[in-house]
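Start at 1 with the first residue, then count along the sequence.
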Amino acid sequence: MDRDLPNTLLQANKKRVIKDNLVKYSISGGGALVLVTLLLIFGYLLYVVMPIFAPVTIELKKEFSYQNSANTLALGMDEQNDISYQIDDDGRLSFYSLRDKDLGALLLDNVMLKDSSAFAKTSSATGAFLFADTNSQALIFKPEFSTSYPEDVRLITPEIEYPLGEELLQLDPQGKKIVSVSFELAEENAAIAAVTEDKRGLYLLFTATEDMMTEEIVWEQEQIELPSLPNNVDQMLLSPDLKNLFVRSQNDLLVYDVSDLDDIRVKSALVINAPDADVTDMQLLTGASSLMVANTNGVISQWFEVLHDNKRTFTFIRDFKAPGNVTAIVPEYFRKGFLTTDKQGYLSVFHATGDTRLLNQKVSTTENMHLAISPRANSLLVIDNSKLSLFTIDNEHPEITWSALWQKVWYEGYPEASYLWQSTSASDDFEAKMSLVPISFGTIKAAFYAMLFAVPIAISGAIYTAYFMSANIRSFVKPTVEIMEALPTVILGFLAGLWLAPLIESHLPGIILLLISLPLSVLAAALAWTALPKHIRESIPEGYHPLILIPVLVLAGYASMSFSSTLELWLFDGNTRMYLTNELGIDFDQRNSLVVGIAMGFAVIPTIYTIAEDAVFSVPKSLTMGSLALGATPWQTLAKVVILTASPGIFSAVMMGLGRAVGETMIVLMATGNTPIMDWNIFEGMRSLSANIAVEMPESEVGSSHYRVLFLAAFVLFIFTFFFNTLAELIRQRLREKYSSL
């Protein structure tokens, strides 16, 4: 039997070694997998986000020559980039194929109006054109494309539509030659502004009505002369909403209010040229809120209406720089981007919201270059003398730039530059506002108020539980607080939004009174306790004293809330909310930062409490006993020994709680108004990064700028938590090194 003992011990040692190695490699492998997972998450976020910062590129796809000696007035193409059209100064509309099988073939050719003297086009999205002749007659037409599928093959056929009919419109009853014209076409209205050779300004408004007998659309015409027209009109533009008419005479601009035919007037007179330069072209961006003005020195300025002194006036906002003398501005169809051409043959791509030039590339060798962009903004059509070229352009996310994400941007219609988040709208010409500053600020604000509520309560409770409380009570209190962490945050958010928020609104004076009554009630209870006879005080076991405060705090809280309505009547004229808003100028939202701070603080307290309590309780008893033996009081021992020794753990607890607060979603989502505002007002809400992702990710289009910016918000949140955790670990290690010798 003695001989078998060494073999048994050897086998036991081998099993122990195997188990130790198994545990060792399992833990190491688990840690490595966690790191790999984090790296994969980091990499995937970058993979989704990086395309929004990719540079704009263009590439020549195909080109062909055509025979046409006239000057080009306008270019365009269909959505599929299969057919292009050209309008020249001979009044001709020509359609050319861009398909590989019949590249350059003339598909349709039609002379719209002979002896044309003026030409105009609507906004890009409308895509209609007007020719006026020497007899003051005009024709409005629109290139269209019909799609069919013979033998399951897509076939696009060019067509010509006449929105106001094929009959010529008489613009001037006197029959004078039209020298300048502008027009716009809406669903039920159309308007034409024209200048005759005898320098009279005409404004015609067409209204569509339905004939009761034939059910046909009949256009009724009203005409009025434009007042205060300059002697020399170089360019006119009508806004698509038919409210504003822009008349440029060299470098001067008159803005007419044409919304009311009975009161057409000049509402603004501006000088719009850049210093030491002359205006060459002006165009309206999509939405017609912004006017872009090009100059001979390559500067393109942006103007839109801003409210000043209760009056909206056109104001210079920003400018962009092209490399040479800009000859034309080409707005995009549905975005706030635009392209320019210059006399050196350079093409430049800009975006107004992003406030940047995205591309500058030479695409022509002559200054007689004309440009068109496809409706989907993925192709460019360039005509150069007798050659027509089709370029593909990769410009998916022009509105997303570093400045648009992190700096103030002056958006259309706003009185000043600001940080805004408003990613979607029902309008096609909406200017997306995707600043991450308001939602990053909201994340910090929510975490700040949550920590302001949670840290004092959690750390004070942890210190008292670990250092002063009896073991019997601690065995109940600590597990109870830890169980609080198992409460679903969606339940806390639900209670905060539907119960706590209305309660705080209706009892706000009582809530504020609690900040005074609770500490005073504790002090009063302490004074009363010291006044009790000694035998009564000694009858309470050591560590059970907190139980005495429970009824005191409950009574003080009940009294404060009961006194709320009376206090509101005395101090705030019976309506605290209106008093804050009207008298103090403090905005009040029912779901605000105070609600979020209490609800999220309640969720964060267990995390901070548990880690801090373990840190304080783990302080060696030899240190506390030694301090007490040397004559220090329990409070001196706590302040000079226990807290310093436990400080690394307490700091880790606070940072863990902060990380939890920064990443919290459901409470912020349900207990605030989710308004992305930047204000430290405790009575207003906010929108955090996590809540913003939860709200908007389901409605975002996969691969869109909105979709990728939401992933960027997730990446920023990832960086936030990584930064706080790394900082916490560094400080914790320094604190451990500093106080490890105690």
Side-chain angles (χ1 to χ4, degrees), residues 52-61 63 72 74-77 123-124 235 272-286 290-304 316-385 387-404 409 431 705:
I52 65 178
F53 298 109
V56 177
T57 58
I58 63 171
E59 180 181 356
L60 179 63
K61 187 176 182 180
E63 62 182 7
T72 300
L75 284 175
M77 68 185 92
S123 61
S124 300
Q235 191 176 2
I272 57 175
N273 64 307
D276 302 322
D278 294 319
V279 176
T280 58
D281 188 25
M282 67 178 187
Q283 295 293 334
L284 290 168
L285 287 186
T286 179
S290 290
L291 180 70
M292 310 304 299
V293 180
N295 293 269
T296 53
N297 60 355
V299 173
I300 305 102
S301 57
Q302 181 180 5
W303 303 69
F304 56 71
F316 168 76
I317 304 301
R318 60 177 70 92
D319 56 32
F320 308 84
K321 187 67 173 71
N325 185 342
V326 177
T327 56
I329 300 175
V330 181
E332 292 191 16
Y333 278 66
F334 305 110
R335 301 188 302 196
K336 300 297 180 179
F338 62 96
L339 301 86
T340 64
T341 58
D342 61 32
K343 290 188 175 182
Q344 287 72 41
Y346 279 90
L347 163 71
S348 299
V349 181
F350 300 87
H351 195 274
T353 306
D355 191 13
T356 185
R357 186 177 70 190
L358 303 171
L359 176 73
N360 180 50
Q361 186 168 325
K362 192 176 183 65
V363 295
S364 176
T365 58
T366 177
E367 63 181 42
N368 297 322
M369 175 179 64
H370 291 270
L371 174 72
I373 187 168
S374 68
R376 297 184 179 181
N378 58 0
S379 295
L380 299 175
L381 200 61
V382 177
I383 194 167
D384 181 355
N385 290 333
K387 183 177 66 175
L388 196 148
S389 304
L390 180 67
F391 293 83
T392 58
I393 179 170
D394 185 6
N395 186 22
E396 291 293 326
H397 313 286
E399 66 272 31
I400 308 302
T401 62
W402 185 260
S403 59
V409 177
E431 184 178 23
S705 298

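Inter-residue side-chain proximity for Met77 and Ser379 is flagged as met; some heavy-atom pair is nearer than 4.5 Å. The shortest distance between side-chain heavy atoms of Val349 and Asn395 falls below 4.5 Å. The shortest distance between side-chain heavy atoms of Leu285 and Met292 falls below 4.5 Å. Proximity of Glu396 to Asp394: side-chain heavy atoms (C-beta onward) are separated by under 4.5 Å at one or more points. When side chains are defined from C-beta on, Val382 does not count as touching His370, because their heavy atoms never get closer than 4.5 Å. Side-chain contact between Thr392 and Ile58 is absent, with no heavy atoms from C-beta onward closer than 4.5 Å. Looking at heavy atoms from C-beta onward, Ile300 lies in side-chain contact with Thr340 at the 4.5 angstrom threshold. Side-chain atoms of Lys336 and Glu399, non-hydrogen and from C-beta on, never get closer than 4.5 Å to each other.
For the residue pair Asp384 and Ser364, the shortest heavy atom distance occurs at OD2-OG, 2.7 Å. The two atoms that bring Ile393 and Ala377 nearest to each other are CG2-O, 3.5 Å, heavy atoms only. Minimum interatomic distance between Leu284 and Pro331 (heavy atoms only, all atoms of both residues): O-CG, 3.4 Å. Between Leu371 and Leu347, the shortest heavy-atom distance links the atoms CD2-CD1, 3.4 Å. The two residues Pro398 and Arg335 come nearest to each other via the heavy atoms CD-NH1, 3.4 Å.
The main-chain N or O of Met282 is found under 3.5 Å from a side-chain atom of Gln235 such that the two form a donor-acceptor pair. Proximity of a side-chain donor or acceptor of Ser124 to a complementary backbone N or O of Tyr333 within less than 3.5 Å is not detected.
Of the listed residues (Thr356, Val299, Asp355, Val326), just one forms a side-chain contact (heavy atoms from CB on, under 4.5 Å) with Phe320, and that residue is Asp355.
Atom OG1 in Thr280 sits 8.5 Å away from atom NZ in Lys343 (nearest 0.5 Å). Remark: Leu381 CG to Ile373 CD1 distance equals 11.0 Å, nearest 0.5 Å. Atom CZ of Phe350 is separated from atom CD of Glu332 by 12.5 Å, given to the nearest 0.5 angstrom. We find the CD1-OG distance between Ile317 and Ser290 to be 7.5 Å, quoted to the nearest 0.5 Å. Interatomic distance, CD of Gln283 versus CZ of Phe338, reported as 11.5 Å (0.5 Å rounding). Rounding to the nearest 0.5 Å gives a distance of 9.5 Å between CD1 of Ile383 and OG of Ser389.
Residues Thr353 and Glu431 have side chains that bring a donor and an acceptor to within less than 3.5 angstrom of each other. Judged purely by distance below 3.5 Å, without hydrogens or angles, the side chains of Ser705 and His397 pair a donor atom with an acceptor atom. Neither side chain, Asp319 nor Gln302, offers a donor N or O lying under 3.5 Å from an acceptor on the other.
Residues forming a ring pair (Phe, Tyr, Trp, His ring centres under 6.0 Å) with Tyr346 (at least two apart in sequence, or on another chain): none. Every ring pair (Phe, Tyr, Trp, His ring centres under 6.0 Å) that Phe316 has, sequence neighbours left out, goes to Trp303.
Here side chain to side chain donor-acceptor pair (under 3.5 Å) pairs that include residues 320-330, with residues two or more places apart or in two chains, are Thr327-Thr341.
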* Step by step, work out the side-chain hydrogen bond (donor to acceptor under 3.5 Å, both in side chains) result for Asp278 and Thr296. => CA-CA 6 Å; Asp278 294 319; Thr296 53; 5.1 Å; no
